[in-house]
Amino acid sequence: MQIPTAPPTAPPVVEILGRSSSHYTRMVRLLAHALGVDYTLRPIHDLMSEQPATFAGNPALKLPALRIGDAARTHVYWGSTNACRQLARLVPGGEARVFWPEQANAQLDGPLLANAHEVLAHAMAAQVEVVFHEVVSQRAADAASRKRRRSLELCLAWLDAELDAIHAALPTGRIALFDLGLFCLLEHLPFRNPMDLSGHPRLTAFAAAFAARPEARATPYAFDPRPED
């Protein structure tokens with residue numbers, strides 16, 4: 001007598017809601033490719049929308065979001081770090097393959113990794129603010145925008161100076177979310193906010209090396225065409 005077996009469970013549908021031109025969205029996409037998670041990118045076209053529904057219900061009116069669904073129910077996670085964590089949970093042992101920002105605070109040999117994650121987070125946010133002020137809105141510089149750009153420049157200088165030590169402190173054999181975010185930031189600069197990075201040789205060398213990875217080649221920056229285009 002043949003014992004009936006349960007039908008195979010279909011993998012959940014995974015959708016990343018964001019933009020091909022967003023460094024936060026790209027970070028999530030990089031991890032999906034690195035972990036081998038199939039997904040569909042659902043572009044968010046209207047960044048100036050004041051409706052949470054545009055941003056998958058996020059009341060902060062920000063992207064990206066991750067939607068994971070099956071026949072029974074669907075869950076939505078807001079923000080790049082949340083999305084990355086949930087992507088990792090879709091893969092057996094996936095969470096353990098990633099070095100997460102909060103784990104930097106568990107390092108007992110000094111604050112370098114914790115500070116590196118903080119500086120990178122600020123630089124990524126400052127890049128968004130600079131682009132919106134100077135490129136999208138084309139507003140004249142003011143005291144706040146000058147300080148914002150200056151802080152971005154100082155963060156890049158610090159990251160360049162400390163990059164070798166940061167990489168020496170990161171655990172080997174794991175996907176560092178720090179590296180994903182740093183690469184996304186560095187490639188976003190020439191794409192949306194051209195800056196002279198020739199004085200930052202460690203950053204430029206890192207970006208060039210990372211750009212050769214399959215996940216980087218699979219997620220180039222681009223402007224998503226609107227459905228009517």
Side-chain angles (χ1 to χ4, degrees), residues 12-35 37-69 74-88 90 101 120-139 145 148-149 152 155-156 175 177-195 207 210-211 213-229:
V13 175
V14 178
E15 296 178 324
I16 298 174
L17 296 89
R19 293 167 69 91
S20 299
S21 56
S22 159
H23 58 1
Y24 287 116
T25 304
R26 192 180 191 187
M27 186 167 73
V28 182
R29 298 178 67 200
L30 284 175
L31 185 61
H33 283 275
L35 293 173
V37 177
D38 291 329
Y39 69 91
T40 299
L41 177 66
R42 301 294 184 193
I44 294 175
H45 296 290
D46 187 5
L47 282 183
M48 304 310 292
S49 172
E50 297 182 5
Q51 301 303 318
T54 304
F55 302 93
N58 189 347
L61 307 178
K62 296 169 62 177
L63 55 78
L66 178 73
R67 182 186 290 139
I68 303 175
T74 297
H75 297 291
V76 177
Y77 301 90
W78 301 321
S80 54
T81 302
N82 278 341
C84 285
R85 188 174 296 282
Q86 296 306 320
L87 280 175
L90 294 175
L120 176 61
H122 174 81
M124 293 181 73
Q127 166 71 350
V128 172
E129 294 169 349
V130 167
V131 169
F132 263 94
H133 186 106
E134 300 180 11
V135 180
V136 177
S137 301
Q138 296 187 342
R139 294 164 56 191
S145 69
R148 190 179 302 121
R149 177 170 283 278
L152 176 58
C155 286
L156 291 170
I175 301 169
L177 216 61
F178 174 86
D179 281 349
L180 302 188
L182 181 60
F183 173 71
C184 291
L185 170 65
L186 293 175
E187 281 224 331
H188 201 255
L189 291 169
F191 178 67
R192 294 294 278 152
N193 175 27
M195 296 176 63
F210 198 106
R213 297 188 184 185
E215 59 267 33
R217 296 197 302 268
T219 58
Y221 285 122
F223 293 108
D224 300 302
R226 291 178 177 270
E228 63 271 17
D229 291 348

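- To the nearest 0.5 Å, atom CD1 of residue Ile175 and atom SG of residue Cys84 are 10.0 Å apart.
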Less than 3.5 Å apart, which donor and acceptor atoms pair up between the side chains of residues 181-189 and the rest of the protein, not counting sequence neighbours?
residue: Glu187; atom: OE1; partner: Arg26; partner atom: NH1; Å: 2.8
residue: Glu187; atom: OE1; partner: Arg26; partner atom: NH2; Å: 3.4
residue: His188; atom: ND1; partner: Gln127; partner atom: NE2; Å: 3.0
residue: His188; atom: NE2; partner: Ser21; partner atom: O; Å: 2.8

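- The backbone N or O of His45 lies less than 3.5 Å from a partner atom in the side chain of Arg19, making a donor-acceptor pair.
- Of the possible polar contacts, one joining the Ser137 side chain to the Phe132 backbone as a donor-acceptor pair under 3.5 Å is found.
- Annotation: side chain of Leu63 is in contact with side chain of Thr25 (closest heavy-atom distance under 4.5 Å).
- Side-chain contact between Leu31 and Leu180 is present, with at least one heavy-atom pair separated by less than 4.5 Å.
- You'll find the side chain of Glu134 stays beyond 4.5 Å of the side chain of Arg139, heavy atoms only.
- Between Gln51 and Ser49, the shortest heavy-atom contact is N-OG, 3.1 Å.
- How far SG of Cys155 is from CE of Met124: 12.5 Å, rounded to the nearest 0.5 Å.
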message: Determine whether Arg42 and Ile16 satisfy the following criterion, side-chain contact (heavy atoms from CB on, under 4.5 Å), listing intermediate values before the conclusion.
response: CA-CA 6 Å; Arg42 301 294 184 193; Ile16 298 174; over 6 Å; no
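- One N or O on the side chain of Trp78 and one on the backbone of Ala56 form a donor-acceptor pair closer than 3.5 Å.
- In plain terms, the two heavy atoms of Tyr77 and Ile68 that are nearest each other are CE1-CD1, 4.2 Å.
- Between Leu35 and Ala88, the closest heavy-atom pair is CD1-CA, 3.6 Å.
- Side-chain contact of Thr54 with Asp46: a donor-acceptor pair under 3.5 Å is absent, judged by distance alone.
- The six-membered or imidazole ring of His23 lies away from that of Tyr221, with a centre-to-centre distance of 6.0 Å or more.
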side-chain contact (heavy atoms from CB on, under 4.5 Å) between Asp38 and Val14, worked out: CA-CA 7 Å; Asp38 291 329; Val14 178; over 6 Å; no
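- At a threshold of 4.5 Å between non-hydrogen side-chain atoms, the residues Asp224 and Leu41 count as touching.
- Salt bridge Glu215/Arg29: absent, no basic N to carboxylate O contact under 4.0 Å.
- Residues Leu66 and Ala83 share a closest heavy-atom pair of CD2-O, 3.4 Å.
- Closest non-hydrogen pair, Phe55 versus Leu47, comes out as CZ-O, 3.7 Å.
- In terms of heavy-atom proximity, Val28 sits nearest to Pro64 at CG2-CG, 4.0 Å.
- Note that the CZ atom of Arg213 and the NE2 atom of His33 stand 14.0 Å from one another [nearest 0.5 Å].
- Here Met27 contributes atom CE and Leu177 contributes atom CG; the two are 5.0 Å apart, rounded to the nearest 0.5 Å.
- Here Leu30 contributes atom CG and Asp179 contributes atom CG; the two are 10.5 Å apart, rounded to the nearest 0.5 Å.
- With contacts defined as side-chain heavy-atom distances shorter than 4.5 Å, the pair Tyr24/Val128 qualifies.
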